[in-house]
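Notes for the one structure printed next.
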Amino acid sequence: MKKGISAMLAATVLVTTACTSQVSTEDNTMSLSNKDKAVALLNSIETGDQQAAAYVNPDNYTQHNLTVADGLTGFGAVLQALPVGSAKVDVKRAFQDGDYVFTHTDYNFFGPKAGFDVFRFEDGLIVEHWDNLAEKSVANPSGRTQLDGPTAVRDLDKTDANKALVGDFVETILVKGDFAQLGRFIDDGDANYLQHNSAIADGLSGLGQALEAMAKQSITMVYSQNHIVLGEGNFVLSISEGSFAGKPVSFYDLFRIENSKIVEHWDIIEPILAKDAWKNNNGKFGF
(Lines give C-alpha, C1' and ligand atoms only; values in the text may rest on other atoms or scores of the structure.)
Protein backbone atom coordinates (compact mmCIF):
# COMPACT_ATOMS: atom_id res chain seq x y z
CA MET A 1 0.00 0.00 0.00
CA LYS A 2 1.16 3.49 -0.78
CA LYS A 3 0.45 5.32 2.42
CA GLY A 4 0.17 9.07 2.32
CA ILE A 5 -1.40 9.65 -1.09
CA SER A 6 -3.35 12.85 -0.77
CA ALA A 7 -7.07 12.76 -0.11
CA MET A 8 -7.64 14.95 -3.13
CA LEU A 9 -5.92 12.47 -5.43
CA ALA A 10 -7.74 9.62 -3.74
CA ALA A 11 -11.09 11.30 -4.33
CA THR A 12 -10.41 11.90 -7.98
CA VAL A 13 -9.21 8.38 -8.50
CA LEU A 14 -12.14 6.93 -6.56
CA VAL A 15 -14.82 8.65 -8.60
CA THR A 16 -13.25 8.32 -12.03
CA THR A 17 -12.22 4.73 -11.51
CA ALA A 18 -15.64 3.72 -10.28
CA CYS A 19 -17.31 5.37 -13.27
CA THR A 20 -15.00 3.83 -15.87
CA SER A 21 -14.09 0.51 -14.25
CA GLN A 22 -14.24 -2.51 -16.50
CA VAL A 23 -14.17 -4.83 -13.51
CA SER A 24 -17.22 -7.03 -13.92
CA THR A 25 -19.64 -7.94 -11.19
CA GLU A 26 -18.60 -11.55 -11.62
CA ASP A 27 -14.93 -10.68 -11.09
CA ASN A 28 -15.79 -8.66 -7.98
CA THR A 29 -17.84 -11.48 -6.54
CA MET A 30 -15.21 -14.14 -7.15
CA SER A 31 -12.05 -12.34 -6.03
CA LEU A 32 -12.78 -11.04 -2.54
CA SER A 33 -15.39 -11.40 0.17
CA ASN A 34 -17.74 -8.48 0.76
CA LYS A 35 -15.97 -7.92 4.07
CA ASP A 36 -12.61 -7.61 2.31
CA LYS A 37 -14.09 -5.15 -0.20
CA ALA A 38 -15.54 -2.93 2.51
CA VAL A 39 -12.22 -2.84 4.36
CA ALA A 40 -10.38 -2.08 1.10
CA LEU A 41 -12.74 0.82 0.37
CA LEU A 42 -12.19 2.31 3.83
CA ASN A 43 -8.41 1.92 3.53
CA SER A 44 -8.53 3.66 0.13
CA ILE A 45 -9.51 6.89 1.91
CA GLU A 46 -5.89 6.93 3.12
CA THR A 47 -4.09 5.05 0.36
CA GLY A 48 -5.94 6.02 -2.82
CA ASP A 49 -6.12 2.34 -3.82
CA GLN A 50 -7.78 2.52 -7.26
CA GLN A 51 -9.14 -1.04 -7.23
CA ALA A 52 -11.29 -0.32 -4.19
CA ALA A 53 -13.44 2.11 -6.19
CA ALA A 54 -14.56 -0.79 -8.37
CA TYR A 55 -16.28 -2.35 -5.35
CA VAL A 56 -18.90 0.44 -5.35
CA ASN A 57 -21.82 0.49 -7.78
CA PRO A 58 -21.31 3.85 -9.53
CA ASP A 59 -24.96 4.01 -10.64
CA ASN A 60 -26.56 3.00 -7.35
CA TYR A 61 -24.90 4.20 -4.15
CA THR A 62 -27.22 5.47 -1.43
CA GLN A 63 -25.59 7.57 1.28
CA HIS A 64 -26.99 7.85 4.84
CA ASN A 65 -24.25 10.05 6.31
CA LEU A 66 -26.32 13.21 6.37
CA THR A 67 -23.31 15.50 5.91
CA VAL A 68 -22.45 13.84 2.57
CA ALA A 69 -24.29 14.23 -0.74
CA ASP A 70 -25.73 11.13 -2.39
CA GLY A 71 -23.76 8.90 -4.74
CA LEU A 72 -20.07 8.51 -5.41
CA THR A 73 -19.81 12.16 -6.38
CA GLY A 74 -20.80 13.18 -2.86
CA PHE A 75 -18.24 10.80 -1.35
CA GLY A 76 -15.56 12.19 -3.64
CA ALA A 77 -16.41 15.75 -2.66
CA VAL A 78 -15.88 14.91 1.01
CA LEU A 79 -12.49 13.36 0.30
CA GLN A 80 -11.46 16.43 -1.67
CA ALA A 81 -12.29 18.58 1.35
CA LEU A 82 -9.91 16.62 3.62
CA PRO A 83 -6.65 18.41 4.43
CA VAL A 84 -3.93 16.96 2.20
CA GLY A 85 -2.24 13.91 3.72
CA SER A 86 -4.38 14.01 6.86
CA ALA A 87 -6.56 10.92 6.36
CA LYS A 88 -5.72 7.84 8.44
CA VAL A 89 -7.73 4.62 8.52
CA ASP A 90 -7.16 1.63 10.81
CA VAL A 91 -10.00 -0.88 10.65
CA LYS A 92 -9.98 -2.63 14.02
CA ARG A 93 -12.93 -4.99 13.49
CA ALA A 94 -14.92 -6.14 10.46
CA PHE A 95 -17.95 -8.42 10.34
CA GLN A 96 -20.35 -9.76 7.73
CA ASP A 97 -24.05 -10.57 8.15
CA GLY A 98 -25.73 -11.58 4.90
CA ASP A 99 -25.62 -8.64 2.49
CA TYR A 100 -24.33 -6.31 5.24
CA VAL A 101 -20.75 -5.64 6.34
CA PHE A 102 -20.11 -3.57 9.47
CA THR A 103 -16.76 -2.23 10.64
CA HIS A 104 -15.25 -0.51 13.70
CA THR A 105 -12.48 1.89 12.73
CA ASP A 106 -9.85 4.22 14.18
CA TYR A 107 -9.92 7.28 11.88
CA ASN A 108 -8.24 10.55 11.27
CA PHE A 109 -11.08 12.00 9.21
CA PHE A 110 -11.32 15.74 9.82
CA GLY A 111 -9.64 14.99 13.14
CA PRO A 112 -9.18 11.82 15.25
CA LYS A 113 -12.41 9.81 15.38
CA ALA A 114 -13.82 6.41 16.26
CA GLY A 115 -16.42 5.17 13.83
CA PHE A 116 -18.81 2.43 12.85
CA ASP A 117 -19.63 1.92 9.17
CA VAL A 118 -22.29 -0.32 7.64
CA PHE A 119 -22.29 -1.28 3.97
CA ARG A 120 -25.01 -3.12 2.03
CA PHE A 121 -24.04 -5.16 -1.01
CA GLU A 122 -25.97 -6.24 -4.09
CA ASP A 123 -24.37 -8.63 -6.60
CA GLY A 124 -20.96 -8.13 -5.00
CA LEU A 125 -21.03 -4.32 -5.13
CA ILE A 126 -21.60 -1.73 -2.39
CA VAL A 127 -24.92 0.04 -2.95
CA GLU A 128 -25.63 1.68 0.44
CA HIS A 129 -23.69 3.14 3.39
CA TRP A 130 -24.45 4.20 6.95
CA ASP A 131 -22.08 5.39 9.70
CA ASN A 132 -21.76 6.85 13.19
CA LEU A 133 -18.68 8.87 14.09
CA ALA A 134 -17.43 10.51 17.28
CA GLU A 135 -14.30 12.37 18.30
CA LYS A 136 -11.79 10.15 20.10
CA SER A 137 -11.62 10.48 23.86
CA VAL A 138 -9.11 9.60 26.53
CA ALA A 139 -9.39 6.20 28.22
CA ASN A 140 -12.43 5.69 30.44
CA PRO A 141 -12.33 5.23 34.27
CA SER A 142 -11.38 1.55 33.74
CA GLY A 143 -8.55 2.43 31.34
CA ARG A 144 -10.32 1.17 28.20
CA THR A 145 -10.52 3.11 24.95
CA GLN A 146 -13.29 3.40 22.37
CA LEU A 147 -11.48 0.92 20.13
CA ASP A 148 -9.29 -1.51 22.08
CA GLY A 149 -10.21 -5.03 23.16
CA PRO A 150 -10.79 -8.38 21.43
CA THR A 151 -11.24 -8.55 17.66
CA ALA A 152 -11.41 -12.27 16.83
CA VAL A 153 -14.76 -13.64 15.68
CA ARG A 154 -15.76 -16.88 17.43
CA ASP A 155 -18.90 -19.00 17.87
CA LEU A 156 -20.19 -18.62 14.32
CA ASP A 157 -22.79 -21.28 15.06
CA LYS A 158 -24.28 -18.99 17.74
CA THR A 159 -24.79 -15.92 15.55
CA ASP A 160 -28.58 -16.12 15.45
CA ALA A 161 -28.85 -16.81 19.21
CA ASN A 162 -26.50 -13.93 20.04
CA LYS A 163 -28.44 -11.53 17.78
CA ALA A 164 -31.67 -12.59 19.49
CA LEU A 165 -30.09 -11.98 22.92
CA VAL A 166 -29.01 -8.46 21.98
CA GLY A 167 -32.35 -7.69 20.34
CA ASP A 168 -34.10 -8.73 23.55
CA PHE A 169 -31.65 -6.67 25.66
CA VAL A 170 -32.18 -3.55 23.58
CA GLU A 171 -35.97 -3.84 23.67
CA THR A 172 -36.27 -4.89 27.34
CA ILE A 173 -33.56 -2.77 28.97
CA LEU A 174 -32.74 0.13 26.66
CA VAL A 175 -36.15 0.84 25.11
CA LYS A 176 -38.56 -0.25 27.88
CA GLY A 177 -36.19 0.49 30.79
CA ASP A 178 -37.03 -2.74 32.67
CA PHE A 179 -33.78 -2.83 34.66
CA ALA A 180 -35.13 -5.59 36.90
CA GLN A 181 -34.40 -7.91 33.94
CA LEU A 182 -30.76 -6.83 33.65
CA GLY A 183 -29.44 -10.02 35.24
CA ARG A 184 -30.81 -12.06 32.35
CA PHE A 185 -28.31 -10.35 30.07
CA ILE A 186 -25.27 -9.28 32.14
CA ASP A 187 -23.69 -10.99 35.14
CA ASP A 188 -22.77 -8.94 38.20
CA GLY A 189 -19.11 -8.15 38.88
CA ASP A 190 -16.86 -5.68 37.13
CA ALA A 191 -14.91 -8.41 35.29
CA ASN A 192 -18.13 -9.71 33.70
CA TYR A 193 -18.95 -6.55 31.75
CA LEU A 194 -16.05 -4.69 30.13
CA GLN A 195 -16.98 -1.17 29.14
CA HIS A 196 -15.51 0.98 26.34
CA ASN A 197 -17.86 3.97 26.61
CA SER A 198 -15.47 6.80 27.32
CA ALA A 199 -17.39 8.00 30.39
CA ILE A 200 -18.36 4.72 32.09
CA ALA A 201 -16.38 2.21 34.17
CA ASP A 202 -16.55 -1.59 33.94
CA GLY A 203 -19.38 -3.63 35.37
CA LEU A 204 -22.99 -3.01 36.22
CA SER A 205 -21.71 -0.87 39.09
CA GLY A 206 -20.01 1.44 36.60
CA LEU A 207 -23.16 1.66 34.52
CA GLY A 208 -25.24 2.40 37.61
CA GLN A 209 -22.87 5.14 38.74
CA ALA A 210 -22.99 6.76 35.31
CA LEU A 211 -26.79 6.68 35.16
CA GLU A 212 -26.97 8.13 38.68
CA ALA A 213 -24.60 10.93 37.74
CA MET A 214 -26.66 11.71 34.64
CA ALA A 215 -29.87 11.79 36.67
CA LYS A 216 -28.34 14.28 39.12
CA GLN A 217 -27.59 16.54 36.16
CA SER A 218 -31.08 16.00 34.67
CA ILE A 219 -29.49 14.41 31.60
CA THR A 220 -31.81 11.91 29.96
CA MET A 221 -30.90 9.11 27.55
CA VAL A 222 -33.84 7.61 25.66
CA TYR A 223 -33.80 4.69 23.20
CA SER A 224 -37.05 5.09 21.25
CA GLN A 225 -36.62 2.58 18.40
CA ASN A 226 -34.22 -0.13 17.33
CA HIS A 227 -33.68 -0.17 13.57
CA ILE A 228 -31.50 -3.24 13.00
CA VAL A 229 -29.41 -5.88 14.77
CA LEU A 230 -26.46 -7.28 12.83
CA GLY A 231 -24.07 -9.97 13.97
CA GLU A 232 -21.30 -12.40 13.20
CA GLY A 233 -20.51 -15.01 15.83
CA ASN A 234 -19.79 -13.45 19.21
CA PHE A 235 -20.07 -9.79 18.03
CA VAL A 236 -23.45 -8.10 17.58
CA LEU A 237 -24.16 -4.49 16.50
CA SER A 238 -27.42 -2.76 17.43
CA ILE A 239 -28.44 0.49 15.68
CA SER A 240 -31.10 2.55 17.43
CA GLU A 241 -32.71 5.97 17.40
CA GLY A 242 -33.43 8.13 20.41
CA SER A 243 -32.32 11.20 22.28
CA PHE A 244 -29.50 12.25 24.60
CA ALA A 245 -29.88 15.34 26.79
CA GLY A 246 -33.02 16.15 24.83
CA LYS A 247 -31.30 16.10 21.41
CA PRO A 248 -32.03 13.48 18.71
CA VAL A 249 -29.21 10.98 18.33
CA SER A 250 -28.25 7.72 16.64
CA PHE A 251 -26.99 4.94 18.93
CA TYR A 252 -24.56 2.34 17.58
CA ASP A 253 -23.85 -0.32 20.25
CA LEU A 254 -21.44 -3.20 19.65
CA PHE A 255 -21.63 -6.09 22.09
CA ARG A 256 -19.43 -9.15 22.63
CA ILE A 257 -21.23 -12.25 23.83
CA GLU A 258 -19.90 -15.21 25.83
CA ASN A 259 -21.97 -18.13 27.10
CA SER A 260 -25.25 -16.35 26.32
CA LYS A 261 -24.34 -13.23 28.32
CA ILE A 262 -23.19 -9.76 27.23
CA VAL A 263 -19.59 -9.38 28.44
CA GLU A 264 -18.23 -6.31 26.58
CA HIS A 265 -19.61 -3.11 25.03
CA TRP A 266 -18.41 -0.42 22.64
CA ASP A 267 -20.61 2.45 21.46
CA ILE A 268 -20.83 5.67 19.52
CA ILE A 269 -23.58 8.22 20.00
CA GLU A 270 -23.91 10.74 17.17
CA PRO A 271 -26.28 13.74 17.09
CA ILE A 272 -28.73 13.70 14.17
CA LEU A 273 -28.60 16.85 12.09
CA ALA A 274 -31.66 19.05 11.66
CA LYS A 275 -33.28 18.18 8.34
CA ASP A 276 -32.55 21.56 6.78
CA ALA A 277 -28.81 20.74 7.11
CA TRP A 278 -28.99 17.35 5.37
CA LYS A 279 -27.02 16.93 2.13
CA ASN A 280 -29.10 13.94 1.03
CA ASN A 281 -32.72 12.89 1.53
CA ASN A 282 -32.08 9.29 2.59
CA GLY A 283 -32.36 9.72 6.36
CA LYS A 284 -30.03 8.43 9.06
CA PHE A 285 -31.56 4.93 9.16
CA GLY A 286 -33.80 3.37 6.46
CA PHE A 287 -32.63 -0.23 6.89
Side-chain angles (χ1 to χ4, degrees), residues 5-82 87 89 91 94-105 107 109-110 113 115-133 227-228 230 237 239 241 250 252 268 270 272-273 275 277-287:
I5 293 177
S6 72
M8 182 175 294
L9 177 59
T12 303
V13 167
L14 177 65
V15 174
T16 56
T17 301
C19 293
T20 60
S21 173
Q22 299 301 310
V23 177
S24 70
T25 299
E26 182 178 0
D27 288 341
N28 273 308
T29 302
M30 294 178 62
S31 58
L32 290 174
S33 70
N34 288 347
K35 185 190 297 185
D36 290 336
K37 294 172 190 173
V39 171
L41 181 68
L42 291 173
N43 285 333
S44 75
I45 295 172
E46 176 181 348
T47 66
D49 173 23
Q50 298 182 32
Q51 179 62 33
Y55 305 142
V56 181
N57 187 327
D59 302 317
N60 178 21
Y61 181 61
T62 302
Q63 178 63 258
H64 292 272
N65 182 318
L66 300 177
T67 67
V68 181
D70 220 359
L72 265 176
T73 303
F75 184 36
V78 170
L79 297 186
Q80 287 181 327
L82 279 167
V89 176
V91 179
F95 311 98
Q96 186 164 339
D97 183 348
D99 292 331
Y100 291 95
V101 171
F102 55 104
T103 58
H104 193 196
T105 302
Y107 280 112
F109 192 74
F110 300 102
K113 290 181 173 62
F116 288 108
D117 291 87
V118 178
F119 300 92
R120 186 173 67 81
F121 284 75
E122 287 182 0
D123 299 324
L125 295 177
I126 297 169
V127 296
E128 200 161 7
H129 169 252
W130 299 258
D131 64 7
N132 241 33
L133 301 169
H227 286 274
I228 196 168
L230 299 170
L237 177 70
I239 298 175
E241 181 176 3
S250 172
Y252 277 50
I268 289 178
E270 181 182 305
I272 299 176
L273 285 178
K275 195 165 185 178
W278 293 8
K279 292 190 176 180
N280 63 64
N281 293 315
N282 304 315
K284 184 70 175 170
F285 303 100
F287 292 96

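Counting begins at 1 with the first residue of the sequence.
- Between Asp117 and Phe119, the shortest heavy-atom contact is CB-CE1, 3.8 Å.
- Using a 4.5 Å heavy-atom threshold, the side chains of Val56 and Phe75 count as separate.
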Working for ring pair (Phe, Tyr, Trp, His ring centres under 6.0 Å), residues Trp130 and Phe287:
CA-CA 9 Å; Trp130 299 258; Phe287 292 96; 4.3 Å; yes
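- When all heavy atoms of Ala81 and Phe110 are compared, the closest pair comes out as O-CE2, 3.6 Å.
- Here the closest non-hydrogen pair linking Ala52 and Ala40 is CB-O, 3.5 Å.
- Side chain of Lys284 to main chain of Asp131: a donor-acceptor pair is present (N/O by atom type, distance under 3.5 Å, no hydrogens or angles).
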Derivation of the side chain to side chain donor-acceptor pair (under 3.5 Å) call for Asn65 and Lys279
CA-CA 9 Å; Asn65 182 318; Lys279 292 190 176 180; over 6 Å; no
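- In this structure a side-chain-to-backbone donor-acceptor pair under 3.5 Å is present from Glu46 to Val89.
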Should Leu237 and Val118 be marked as a side chain to side chain contact (heavy atoms under 4.5 Å, CB included) after you check the CA-CA gap, both sets of side-chain angles, and the distance that decides it?
CA-CA 10 Å; Leu237 177 70; Val118 178; 4.1 Å; yes
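- Remark: Asn60 CG to Asp70 CG distance equals 9.5 Å, nearest 0.5 Å.
- Counting heavy atoms from C-beta outward, Leu66 and Asn280 have side chains that approach closer than 4.5 Å.
- Using modelled atom types, no side-chain atom of Lys37 and backbone atom of Ile126 make a donor-acceptor pair closer than 3.5 Å.
- No donor-acceptor pair closer than 3.5 Å links the side chain of Trp278 to the backbone N or O of Gly283.
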Test Leu32 against Tyr55 for side chain to side chain contact (heavy atoms under 4.5 Å, CB included), laying out the working first.
CA-CA 10 Å; Leu32 290 174; Tyr55 305 142; 3.1 Å; yes
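- Side chain of Asn34 to backbone of Phe121: no donor-acceptor contact under 3.5 angstrom is found.
- Considering only heavy atoms from C-beta on, Phe95 stays 4.5 Å or farther from Leu230 through its side chain.
- Between Ala87 and Ile45, the closest heavy-atom pair is CB-O, 3.8 Å.
- Checking side-chain atoms of Asn282 against main-chain N and O of Thr62 turns up no donor-acceptor pair under 3.5 Å.
- For the pair Thr67 and Leu273, the minimum side-chain heavy-atom distance is below 4.5 Å.
- With contacts defined as side-chain heavy-atom distances shorter than 4.5 Å, the pair Ile239/Phe116 does not qualify.
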Start with the C-alpha distance between Glu270 and Leu133, add both sets of side-chain angles, then the distance that settles side chain to side chain contact (heavy atoms under 4.5 Å, CB included), and finish with yes or no.
CA-CA 6 Å; Glu270 181 182 305; Leu133 301 169; 4.0 Å; yes
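- Under the side chain to side chain donor-acceptor pair (under 3.5 Å) rule, His64 has a single partner from Glu128, Arg120, His129, which is Glu128.
- Closest heavy-atom contact between Thr103 and Ala94: CG2-CB, 4.0 Å.
- Put simply, OH on Tyr107 and CG on Leu42 are 4.0 Å apart, with the number rounded to the nearest 0.5 Å.
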